[in-house]
There are 2 protein chains.
Amino acid sequence: MAERTARQPELAFYILKEHLPPMTKIPESALQALRAVADPKSILPEDAWAPHLEEWRGRWPGETPLVLAPGSTEELSRIMAAAYAHGVAVVPQGGNTGLVGGGAAKGEVIITTKRLRKVRDVSPEGFTMTLEAGITLQEAQQEAEKADRLFPLSIGAEGTANIGGVLSTNAGGVHVLRYGNARDLALGLEVVLPDGRIWEGLNALRKNNTGYDLKHLFIGGEGTLGIITAAVLKLYPRPKDHVTAFLAVPSPEHAVKLLSMAQDRSGGQLGSFELMNAGTVDLVLEHFPDLPRPVKERAPWYVLMEFASGQKGILAQVAGGILENAFEEGLVSDGTIATSEAQARALWTIRHNASEAMKNDPSPCVKCDVSVPIASIPAFLRRADETVHGMEPGARIIAFGHMGDGNIHYDILGPKDGPHDAWRARMTDFEHSIHDVVVEFGGSISAEHGIGQLKRDELAERKSPVEMDLMRAIKHAIDPKGLMNPGKLLG
Amino acid sequence: MAERTARQPELAFYILKEHLPPMTKIPESALQALRAVADPKSILPEDAWAPHLEEWRGRWPGETPLVLAPGSTEELSRIMAAAYAHGVAVVPQGGNTGLVGGGAAKGEVIITTKRLRKVRDVSPEGFTMTLEAGITLQEAQQEAEKADRLFPLSIGAEGTANIGGVLSTNAGGVHVLRYGNARDLALGLEVVLPDGRIWEGLNALRKNNTGYDLKHLFIGGEGTLGIITAAVLKLYPRPKDHVTAFLAVPSPEHAVKLLSMAQDRSGGQLGSFELMNAGTVDLVLEHFPDLPRPVKERAPWYVLMEFASGQKGILAQVAGGILENAFEEGLVSDGTIATSEAQARALWTIRHNASEAMKNDPSPCVKCDVSVPIASIPAFLRRADETVHGMEPGARIIAFGHMGDGNIHYDILGPKDGPHDAWRARMTDFEHSIHDVVVEFGGSISAEHGIGQLKRDELAERKSPVEMDLMRAIKHAIDPKGLMNPGKLLG
């Protein structure tokens with residue numbers, strides 16, 4: 001992906017948010033102890049450090065005295081035991097594609113899982129596969145496909161993000177509505193703990209009531225409790241048929257009704273349900289003028305929905321019935337149903353180009369990755385829009401997202417004519433104001449992207465003291481020396 | 001359920017397994033402190049204690065100085081704060097239908113959630129409902145139905161088991177294949193912690209990456225970390241059509257292939273997939289001679305499968321195609337497809353009467369509630385059968401269960417002609433030998449029923465020291481005084 005290496009100068013703003021405390025320099029003797037237990041191949045030469053010190057958009061530039069890339073769980077175990085013995089703090093890294101600075105080092109030793117590359121097992125009949133952490137998400141999808149199965153997790157960075165990373169951050173993506181988040185797709189884990197011991201939780205069981213379900217601490221734990229080295233992942237039957245439709249809807253209320261009706265009538269064959277406001281589609285068509293207009297008349301809101309079925313030939317009838325019903329009930333005013341794979345891709349391109357269009361716009365963008373209960377989405381959007389326009393009538397609201405999961409990317413571009421500097425200075429205010437509305441509706445200030453450094457302080461402010469205490473108690477119980485990814489998530 | 005109150009004298013054996021250490025008597029002043037913060041209505045009179053001291057099969061007779069049934073989360077919070085201040089140990093109870101002695105008291109104060117009865121919210125459009133812990137599972141299903149939605153959790157004890165209990169034990173049941181365990185059906189929780197503080201984790205979000213996912217510690221935590229007082233539960237569209245078939249299959253290998261093919265071709269519309277060995281069906285037909293023989297010829301193995309669809313009218317064609325294909329490929333040798341609701345129920349009755357048939361048999365029964373990876377089920381069953389018949393050629397193996405979840409109820413009746421006492425003395429040996437085989441195949445010694453007292457010591461022997469240490473560290477972090485359900489799960 002080309003944009004991976006491009007820096008966005010307008011985002012330099014975020015670099016000013018300095019979250020990590022300055023580290024005490026790690027003594028050379030301690031580093032030597034780590035090198036001593038590592039395979040020489042695992043010690044990266046300095047000229048290979050750059051990708052581990054750079055965040056892909058240029059935020060959070062890193063600093064480290066040592067980058068290790070162990071080739072096996074056992075080797076990582078030895079390294080972590082040495083780090084624990086010498087009090088050396090470590091930052092685990094997956095594909096380094098995160099958006100919240102969770103993998104940035106500030107003097108810690110970086111440990112990348114990129115050389116843990118074994119496919120340990122694929123069981124088409126058991127609908128599972130066991131992969132090591134360094135396999136990329138795209139490779140994981142391909143392994144499943146080779147076995148005529150689906151591994152449904154899919155995110156923009158899938159070519160680079162790896163299994164260890166997507167589990168540590170509980171990645172979401174476009175198929176959550178039907179298959180759940182990364183958390184829901186893991187049956188078992190292997191984890192190297194802060195003191196170097198290996199937790200062998202690598203079971204392929206769909207039912208197992210033998211004590212606390214520890215895997216859910218490491219999944220979404222952002223590397224603050226241990227390093228995931230392998231996972232047993234769930235596989236699914238591959239869908240045999242798709243129906244994709246781009247629809248104009250009068251309001252988010254209508255979209256909620258449409259979602260509910262489509263879920264009910266399709267019996268769970270709804271794969272995606274994406275909401276976009278007019279601003280989103282206008283912006284995409286402005287920046288990508290060659291894209292086809294998806295519906296004849298400009299509408300206030302749009303829905304991109306996709307049904308997926310395990311049977312061939314039946315779906316068109318089911319989806320057709322649902323859409324016909326939606327027109328009759330006034331839930332939908334206009335729409336296009338893709339009649340070919342190519343047309344379906346073109347419809348999806350509009351949705352997928354939303355981020356790119358914002359990047360191309362001269363105004364810097366406030367990005368809020370939030371979720372609220374599905375039924376509250378209309379009220380949330382109304383209140384959020386009022387808040388933004390109350391603060392700045394000329395602000396452009398780009399609201400879109402995985403409505404079926406309650407996940408809205410609520411983004412705000414400054415007034416078309418600028419000035420951009422004045423707008424830039426107000427971006428944090430806008431973000432916090434939107435988060436206030438989110439909290440009012442019982443929502444989350446980070447639906448998909450996690451906390452890392454970016455939202456660490458805000459997390460502590462927004463969560464209840466009870467929840468923060470519980471999280472800190474668990475952190476202390478599992479990482480008593482505080483050596484795992486310090487300054488991230490909890491600080 | 002009539003059998004709820006019947007005692008089974010042959011199971012008195014288990015009472016000899018005395019797991020709980022004798023408690024120090026709780027001083028009257030401490031009990032008085034708890035009574036002082038409780039609503040008078042919440043203090044159960046002694047003549048109402050019996051159901052809280054009796055396990056439904058007569059195992060683990062209880063002992064307590066006080067039974068409290070708080071009417072609100074706030075009241076429970078006050079009670080727990082007082083218990084914490086005075087070092088009073090408590091045993092939380094849901095519907096008291098568990099099978100492993102997790103709710104039995106040995107001198108602790110019993111706290112039942114049965115008076116936490118509010119339906120806080122039902123959102124058909126958001127596909128969620130928020131219920132307090134004391135609502136029974138059956139009532140929860142009915143609440144969902146009133147909103148034209150499905151709450152899919154279904155277990156034998158659903159008329160008595162309550163939401164707090166099914167979540168604390170991560171109940172499974174007959175619909176796990178499609179909808180997951182209790183754990184998978186909860187979006188958020190409200191929990192009173194050991195020190196009386198309330199964790200407000202009651203969100204209705206499908207995506208939320210803001211720190212450790214704490215709910216998964218309390219779900220399946222068997223009341224050792226806190227008391228669940230309310231939950232946001234996921235709802236699903238109600239299925240509109242079913243196809244039920246009872247099939248003769250040549251072997252478990254054939255059943256695995258059939259399962260895989262049916263899942264793939266139905267696109268996830270397989271709701272249940274139950275395997276039974278010949279011994280199971282023979283025993284049921286012996287004890288219930290009025291039941292119809294499901295297939296003409298006795299077969300070595302049987303599968304009961306059910307498809308469920310959100311659309312009317314399409315399913316028969318899909319299921320028909322799958323079954324036709326299964327016959328052609330030799331996966332199935334004979335079968336009955338239900339042509340009416342009544343016939344479907346009759347087919348299910350054979351499966352549902354397995355436990356009842358074992359109870360009616362004069363020989364006591366070794367019951368192993370185990371799971372293994374689905375693809376390993378055939379090899380597991382072969383090895384387990386060899387093990388049992390190597391130990392006792394006349395033993396009768398009743399193997400059945402939720403094959404789609406890898407969950408087998410592997411039960412063993414003594415030789416038909418007895419003697420029962422000699423058999424009874426060997427039951428633990430048989431159980432441990434089966435568990436050895438389970439562990440060899442990477443399986444679980446408690447798929448559905450949990451650990452409680454019954455398997456506490458065995459858990460510590462079977463789990464790795466690393467996993468036990470992690471669990472103990474978490475227990476200590478959240479319940480530092482060890483007051484929550486002592487002697488259960490971890491001891």
Side-chain angles (χ1 to χ4, degrees), chain A residues 123 125-126 128 170 172 176 181 197 199-200 203-214 216-217 220-221 237 239 256 260 263-268 309-311 314 318 371 373-375 405-407 442-451 459 464 466-467 470-471 473-474 477-478 489, chain B residues 123 125-126 128 170 172 176 181 197 199-200 203-214 216-217 220-221 237 239 256 260 263-268 309-311 314 318 371 373-375 405-407 442-451 459 464 466-467 470-471 473-474 477-478 489:
Chain A
S123 169
E125 290 189 338
T128 59
N170 186 31
V176 174
N181 297 287
R197 289 183 303 168
W199 172 49
E200 302 273 9
N203 75 65
L205 304 173
R206 281 154 204 275
K207 272 189 181 171
N208 180 21
N209 277 338
T210 55
Y212 309 144
D213 199 342
L214 299 170
H216 289 296
L217 289 176
V256 168
S260 172
Q263 269 187 306
D264 192 31
R265 290 198 37 180
S266 74
S309 168
Q311 302 120 36
I314 292 170
V318 175
S371 67
I374 292 166
D405 319 320
N407 180 193
S444 168
I445 61 161
S446 186
E448 290 195 311
H449 300 159
I451 300 301
L459 185 80
S464 70
V466 175
E467 187 157 343
L470 275 174
M471 290 207 276
I474 287 162
I478 298 182
L489 190 54
Chain B
S123 169
E125 291 189 338
T128 59
N170 186 29
V176 174
N181 297 288
R197 289 184 301 167
W199 173 51
E200 303 273 10
N203 73 66
L205 304 173
R206 281 154 205 274
K207 271 190 184 171
N208 181 19
N209 278 338
T210 55
Y212 310 142
D213 198 341
L214 299 169
H216 288 296
L217 290 175
V256 168
S260 172
Q263 268 187 305
D264 192 31
R265 289 200 37 180
S266 73
S309 169
Q311 303 121 34
I314 291 169
V318 175
S371 67
I374 292 165
D405 319 319
N407 180 193
S444 168
I445 62 163
S446 187
E448 289 195 311
H449 301 157
I451 300 301
L459 184 80
S464 70
V466 176
E467 186 157 343
L470 275 174
M471 289 206 275
I474 288 161
I478 299 181
L489 192 50

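Protein chains get the first letters and strands the later ones, always in sequence-line order, with residue 1 at the start of each.
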What is the distance from atom CD1 of B/I474 to atom CG of A/L470, rounded to the nearest 0.5 Å?
11.5 Å
Side chain, backbone, both or neither: which part of A/N181 has an atom under 4.5 Å from a heavy atom of chain B?
side chain
Between A/D405 and B/K207, is there a side-chain N and carboxylate O pair less than 4.0 Å apart?
yes
Considering only heavy atoms and a distance below 4.5 Å, find which of B/G221, B/A204, B/S446, B/G126 pairs most often with chain A.
B/S446
Most heavy-atom pairs under 4.5 Å with chain A, out of B/H216, B/Q263, B/H449, belong to B/H216
Who among A/S464, A/G211, A/A447, A/S266 has the most heavy-atom pairs with chain B under 4.5 Å?
A/A447
Distance (rounded to the nearest 0.5 Å) between B/Y212 OH and A/L489 CG:
5.0 Å
Check A/W199 against B/E467 and note the closest heavy-atom contact, atom names and distance.
NE1-OE1, 2.8 Å
So which of A/V318, A/I374, A/N203, A/V256 has the largest heavy-atom pair count under 4.5 angstrom toward chain B?
A/V318
Kindly indicate whether the side chain of A/S260, heavy atoms from C-beta on, has any atom under 4.5 Å from the side chain of B/E125.
yes
Tell me the closest heavy-atom pair linking B/A473 and A/A477, and the distance in Å.
O-CB, 3.6 Å
Would you check if the side chain of B/N209 reaches a backbone N or O of A/E448 as a donor-acceptor pair within less than 3.5 Å?
yes
Quick check on B/I478 against chain A: is it the side chain, the backbone, both or neither that has a heavy atom closer than 4.5 Å?
side chain
Given the options A/S444, A/G450, A/A375, A/G220, which has more heavy-atom pairs under 4.5 Å with chain B than any of the others?
A/S444
Okay, B/L217 and chain A: the region with an atom under 4.5 Å from a heavy atom over there is both
As an exercise: rank A/I451, A/I445, A/T128 by heavy-atom pairs under 4.5 Å with chain B and give me the winner.
A/I451
Contact class of B/R197 relative to chain A, heavy atoms under 4.5 angstrom
side chain
Using heavy-atom distances under 4.5 Å, tell me whether B/T210 contacts chain A through its side chain, its backbone, both, or neither.
both
Measuring only between side-chain heavy atoms, which start at C-beta, is A/L214 closer than 4.5 Å to B/M471?
yes
So for A/S123, is it side chain, backbone, both, or neither that comes closer than 4.5 Å to the heavy atoms of chain B?
side chain
Hey, are the side chains of B/L205 and A/P373 touching, using non-hydrogen atoms and a 4.5 Å cut-off?
yes
